[in-house]
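The structure displayed is predicted, hence computed values, not measured ones. This chain uses plain numbering: 1 for the first residue, then up along the sequence. Hydrogens, waters and symmetry mates play no part in the numbers below; they use all other heavy atoms, side chains included.
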Amino acid sequence: MNSESRSESYAKAGVDITAGYRAVELMKEHIAKTATAGVMDGIGGFGGLFELDLTGITKPVLVSGTDGVGTKLKLAFEADKHDTIGIDCVAMCVNDIICCGAKPLFFLDYIACGKNFPEKIAEIVKGVCEGCVQSGAALIGGETAEMPGFYPEDEYDLAGYCTGVVDKEKIIDNTKMQQGDVVIALPSSGVHSNGFSLVRKVFDIGSEETKAPCDELGGKSVLETLLNPTKIYVKPILALLSEVDVRAISHITGGGFYENIPRSIPDGLGVVIKEEDVKILPIFDMIERKGKISRRDMFNTFNMGVGMSVVVPEREAEKALEILNENGEKAYVLGKVIKSDKKIELV
């Protein structure tokens, strides 16, 4: 920490430079856990350095993704729980780039807050680091911006950016998909990080009702269930890609089934899914019932219990399920690829 760097005038304006230094010191132990072989620089410089190992890669293609957590942050504020929201931030980025077949290499975060409480910032970054560990990415840099007057003192925003690499010949681009291919579901851990503007209309977040244990949710409260962090699928998908001819991957985010699955389906083909085959989580039944939301809107807003889907040849479906289950996923067959002018049919 630089003891000489302190501006009394800036502090009176609401920005405490030394709080930023303190936050960096508190987060260093968490960041160290994310270090991988490519990391060349410590936290605190002007840029993060990463040495790219291209062993076994003929034509490297860098794949990048950026995202935030959205209004799920409001629930973290209400619960005063900040150590898992960073997992959501990482997940929203790495789960996107793995859809191209890219292995995440490094991650950077951005936190903007009304007031820098070092312990709170360190808790947020602790979650980011856990997400990085789960995805095999290194946290090589970030930024904390104290912005008094722009954000309330006890609130913040969080965004992230990641870069991964894939061999050009192994990019997942749906060109080999054909009729008869099988769609496999990877279950979600809950609502993940999308649809929370609607969730907050359905539930009075902060009320005793949302904080009380609920039998329908296995004894957890609504608030606790909604804050469950987004599942990170990188390692199971990488294991699958090493042994199976994966033809498409979809990350089920905002827009639900109707928006995300069609993005991976080529023209002339479609996916047919029986609604009864979707293993819907109890929290979605509760949202639908309490909010009086149509089933169509539910499937067009939320992941409904499916965080990611993969398309594989029918002959490799059983093998794919075995690999995914060996890697901690309770995967199951979700649907089939058919010849169709409609990209998705829920029947």
Open item on the list: For a side-chain contact (heavy atoms from CB on, under 4.5 Å) check, start with the C-alpha distance between Arg247 and Ile172, then their side-chain angles and the critical distance, and finish with the verdict.
Closed with: CA-CA 6 Å; Arg247 293 179 168 174; Ile172 309 299; over 6 Å; no

TODO: Would you please test Glu209 and Lys290 for salt bridge (charged side-chain N to carboxylate O under 4.0 Å, His left out) and show each step?
DONE: CA-CA 12 Å; Glu209 181 185 10; Lys290 187 172 178 62; 3.6 Å; yes

TODO: Carefully, step by step, assess Arg263 and Cys99 under the rule side-chain contact (heavy atoms from CB on, under 4.5 Å).
DONE: CA-CA 11 Å; Arg263 289 165 65 180; Cys99 290; over 6 Å; no

Task: Val311 vs Val182, side-chain contact (heavy atoms from CB on, under 4.5 Å): CA-CA, chis, key distance, verdict - done: CA-CA 6 Å; Val311 178; Val182 174; over 6 Å; no

Task: side-chain contact (heavy atoms from CB on, under 4.5 Å) between Val246 and Leu240, intermediate numbers included - done: CA-CA 8 Å; Val246 177; Leu240 184 68; 3.7 Å; yes

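Judged purely by atom type and a 3.5 angstrom limit, Thr34 uses its side chain to pair as donor or acceptor with the backbone of Ile31. Side-chain atoms of Asn260 come within 3.5 Å of backbone N or O of Gly256 as a donor-acceptor pair. Between the side chain of Asn325 and the backbone N or O of Leu321, at least one donor-acceptor pair lies under 3.5 Å. When atom types are taken as modelled, the side chain of Lys343 and the backbone of Ile265 share a donor-acceptor pair closer than 3.5 angstrom. With hydrogens and angles ignored, the 3.5 Å screen pairs no side-chain donor or acceptor of Asn300 with any backbone N or O of Arg296. Although no hydrogens or angles enter the test, the distance criterion places no donor-acceptor pair under 3.5 Å between the side chain of Thr210 and the main chain of Ile205.
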Taking only distance into account, with no hydrogens and no angle test, what donor-acceptor pairs under 3.5 Å do side-chain atoms of residues 51-63 form with protein atoms, sequence neighbours excluded?
residue: Asp53; atom: OD1; partner: Thr55; partner atom: N; Å: 3.0
residue: Asp53; atom: OD1; partner: Thr55; partner atom: OG1; Å: 2.6

Scan the side chains in residues 117-131 for donor-acceptor partners under 3.5 Å anywhere in the protein, sequence neighbours excluded, and list what turns up.
residue: Lys120; atom: NZ; partner: Asp154; partner atom: O; Å: 3.3
residue: Glu130; atom: OE2; partner: Gln134; partner atom: NE2; Å: 2.9

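Residues Ser309 and Ser250 have side chains in contact (heavy-atom distance under 4.5 Å, counting atoms from C-beta outward). At a threshold of 4.5 Å between non-hydrogen side-chain atoms, the residues Thr36 and Val39 count as touching. Considering only heavy atoms from C-beta on, Ile293 comes within 4.5 Å of Leu198 through its side chain. Put simply, the side chain of Lys336 does not reach to within 4.5 Å of the side chain of Val183, judged on heavy atoms. Here the side chains of Val306 and Tyr332 are in contact, with some heavy-atom distance below 4.5 Å. Using a 4.5 Å heavy-atom threshold, the side chains of Ile287 and Phe203 count as touching. Between Ile280 and Glu288, every side-chain heavy-atom pair lies at or beyond the 4.5 Å cut-off. Contact check for Ile111 versus Asp157: no side-chain heavy atoms found under the 4.5 Å cut-off.
Within a 6.0 Å sphere centred on CD of Glu314, heavy atoms belonging to other residues, nucleotides or ligands number 12 at most. For Lys170, the NZ atom counts as loosely surrounded, since its 6.0 Å shell holds 12 or fewer non-hydrogen atoms of other residues, nucleotides or ligands. More than 12 heavy-atom neighbours from other residues, nucleotides or ligands sit within 6.0 angstrom of CD on Glu216.
Minimum interatomic distance between Ser64 and Thr163 (heavy atoms only, all atoms of both residues): OG-OG1, 3.3 Å. Smallest separation of non-hydrogen atoms from Ser264 and Ala248: O-CB, 3.7 Å. For the residue pair Met177 and Val337, the shortest heavy atom distance occurs at SD-CG2, 4.0 Å. In plain terms, the two heavy atoms of Thr301 and Gly195 that are nearest each other are CG2-CA, 4.2 Å. Scanning all heavy atoms of the two residues, the minimum distance from Ala23 to Asn116 falls at CB-OD1, 4.1 Å. Residue Leu281 comes nearest to Ser189 through the heavy atom pair CD1-C, 4.2 Å, listed as atom of the first residue, atom of the second, then distance.
Under the 4.5 Å side-chain heavy-atom criterion for Ile, Leu, Val, Met, Phe, Trp and Tyr, Ile261 and Tyr258 are members of the same hydrophobic cluster. At a threshold of 4.5 Å between side-chain heavy atoms, the hydrophobic network of Ile, Leu, Val, Met, Phe, Trp and Tyr places Ile85 and Val94 in one connected group. In the hydrophobic clustering of this structure, Val333 groups with Ile323; members are Ile, Leu, Val, Met, Phe, Trp, Tyr whose side-chain heavy atoms approach within less than 4.5 Å, directly or through other members.
With sequence neighbours left out, the side chain to side chain contact (heavy atoms under 4.5 Å, CB included) criterion links Pro213 to no other residue. Shown here are the salt bridge (Lys or Arg N to Asp or Glu O under 4.0 Å) partners of Glu275, two or more places apart in sequence or in another chain: Arg295.
For the atom pair CD (Glu345) and NZ (Lys274), the distance works out to 13.0 Å, reported to the nearest 0.5 Å. From Leu238, atom CG reaches atom CG of Asn327 across 9.5 Å, with rounding to the nearest 0.5 Å. Annotation: the span from Glu29 atom CD to Lys33 atom NZ amounts to 6.0 Å, rounded to 0.5 Å. In this structure, the separation between OG1 on Thr253 and CG on Asp67 is 7.5 Å, given to the nearest 0.5 Å. Rounding to the nearest 0.5 Å gives a distance of 11.5 Å between CG of Leu139 and CZ of Phe106. Atom-to-atom distance recorded for Leu226:CG and Leu217:CG is 8.0 Å, nearest 0.5 angstrom.
Using a 30° and 60° split on the angle between ring planes, His82 and Phe77 fall in the tilted class, from 30° to 60°. Note: Phe257 and Phe299 have perpendicular aromatic rings, judged against thresholds of 30 and 60 degrees for the angle between ring planes.
In this structure, the ring of Tyr161 has its center no less than 6.0 angstrom from the ring center of Tyr110.
Counting only residues at least two apart or on different chains, the salt bridge (Lys or Arg N to Asp or Glu O under 4.0 Å) pairs with a member in residues 72-99 are Lys72-Asp88, Lys74-Glu155, Glu78-Lys211, Lys81-Asp83. Residue pairs meeting the salt bridge (Lys or Arg N to Asp or Glu O under 4.0 Å) criterion with at least one partner in residues 231-244, sequence neighbours excluded, are Lys231-Glu329.
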